[in-house]
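Accompanying notes for the structure given below.
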Amino acid sequence: MSDCIFCQIVDGDIPSRTVYEDDSVLAFLDANPLSPGHTLVIPKAHHERLNDLPADAASEVMSTVHALTPAVEAAVDAPATTVAFNNGEAAGQEVPHVHGHIVPRFEDDGGRPIHALVSDRPDLSDDELDDIAAAIEDGV
Ligand code: AMP
Ligand code: ZN
């Protein structure tokens with residue numbers, strides 16, 4: 001996709017601070033980091049969302065996230081990381097090319113856990129929870 005900035009990084013048309021590359025995956029430092037070492041992991045092929053990613057590409061991306069997370073933590077001496085995908089515009093995804101964030105976290109960094117994503121949690125009944133669980137199970 002010629003108008004996708006991450007495809008342009010893959011093609012070498014936009015520079016990046018690459019930290020890992022193989023045939024199908026690229027990882028580079030986020031240009032506007034949330035913390036030192038904030039790293040993005042992308043499939044080289046253009047897919048907008050995790051939902052669009054073929055299973056083999058998803059495995060390769062997750063395997064790279066798994067390998068890189070300890071290396072990122074060690075590089076910046078971070079005791080923890082938040083690892084996340086903004087999957088779709090409503091979830092805050094700004095670049096429509098799948099990317100996983102590895103965000104180093106530090107004691108007292110002022111950041112919040114993933115539980116702080118929403119301010120109003122839904123109050124779901126047991127029946128509603130049962131229905132949702134069944135629908136997810138059916139959809140896999
Ligand atoms: P998201 O909101 O999940 O789509 O995050 C997109 C991320 O891409 C943001 O954290 C940006 O700082 C980052 N970003 C955008 N353009 C570039 C670029 N040219 N090089 C590196 N990171 C970028
Ligand atoms: Zn792309």
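Numbering of ligands and ligand atoms starts at 1, following listing order. Only a predicted model underlies this, so the values are computations on that prediction, with no experimental measurement involved.
Counting protein heavy atoms only, atom 4 (O) of ligand 1 is closest to E94 N, 2.7 Å. For atom 11 (C) of ligand 1, the closest non-hydrogen atom of the protein is D30 OD1, 3.4 Å. Protein heavy atom nearest atom 16 (N) of ligand 1, with residue, atom name and distance: I5 CD1, 3.3 Å. At the top of the distance list for atom 19 (N) of ligand 1, counting protein heavy atoms only, stands I9 CD1, 3.8 Å. When hydrogens are left out, the protein atom nearest atom 2 (O) of ligand 1 is G92 O, 3.0 Å; that is the closest non-hydrogen contact. Among all non-hydrogen protein atoms, the one lying nearest atom 6 (C) of ligand 1 is H99 NE2, 3.4 Å.
Residue-environment remark: CG (D126) stays at or below the threshold of 12 foreign heavy atoms within 6.0 Å. Within 6.0 Å of CG in L129 there are more than 12 heavy atoms belonging to other residues, nucleotides or ligands.
Our summary of the site lists the angle at the Zn ion (ligand 2) between ND1 of H97 and SG of C4 as 110°, to the nearest 10 degrees.
Contact analysis leaves F85 out of contact with ligand 1, as no non-hydrogen atom separation drops below 4.0 angstrom.
Within the 4.0 Å heavy-atom criterion, both parts of V95, backbone and side chain, lie near ligand 1. Looking at F28 against ligand 1, only its side chain comes within 4.0 Å, counting heavy atoms. Contacts of L34 with ligand 1, taken as heavy-atom pairs under 4.0 Å, are absent altogether.
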Point to revise | Worked check of side-chain hydrogen bond (donor to acceptor under 3.5 Å, both in side chains) between E21 and T18 | key: CA-CA 7 Å; E21 180 171 16; T18 298; 5.3 Å; no

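Taking the six-membered ring for Trp and thresholds of 30 and 60 degrees, F6 and H99 have ring planes more than 60 degrees apart, a perpendicular arrangement.
Residue contact check: N86 has heavy atoms under 4.0 Å from atoms 1 (P), 2 (O), 3 (O) of ligand 1. Below 4.0 Å from some heavy atom of L29 lie the following atoms of ligand 1, by number and element: 21 (C). Atoms of ligand 1 found under 4.0 Å from any heavy atom of Q93, numbered from 1 in the order shown, are 4 (O). When each atom of ligand 1 is checked for a heavy atom of L40 under 4.0 Å away, the hits are 8 (O), 13 (C), 22 (N).
Minimum heavy-atom separation, F85 to V98: CE2-CG1, 4.0 Å. Shortest non-hydrogen contact noted between P104 and P36 is CG-O, 3.1 Å. When every heavy atom of V61 is checked against every heavy atom of V25, the shortest pair comes out as N-CG2, 4.0 Å. In terms of heavy-atom proximity, L50 sits nearest to N87 at N-OD1, 2.9 Å.
Not one N or O of H38 is nearer than 3.5 Å to an N or O of ligand 1, by distance alone.
Shortest distance from the Zn ion (ligand 2) to H46 is reached at ND1 (N/O/S atoms only).
Residues I9 and D11 fail the side-chain proximity criterion, which asks for heavy atoms closer than 4.5 Å. H47 places none of its side-chain heavy atoms less than 4.5 Å from the side chain of H97.
Atom 23 (C) of ligand 1 has its nearest heavy-atom neighbour, among P15, P96, A31, in A31.
The only option from H38, H101, E73 that meets the side-chain hydrogen bond (donor to acceptor under 3.5 Å, both in side chains) definition with T81 turns out to be E73.
In this model, a donor atom of one side chain and an acceptor atom of the other lie less than 3.5 Å apart for R105 and T82.
The Zn ion (ligand 2) does not have H47 among its coordinating residues (no N/O/S atom, backbone or side chain, under 2.8 Å).
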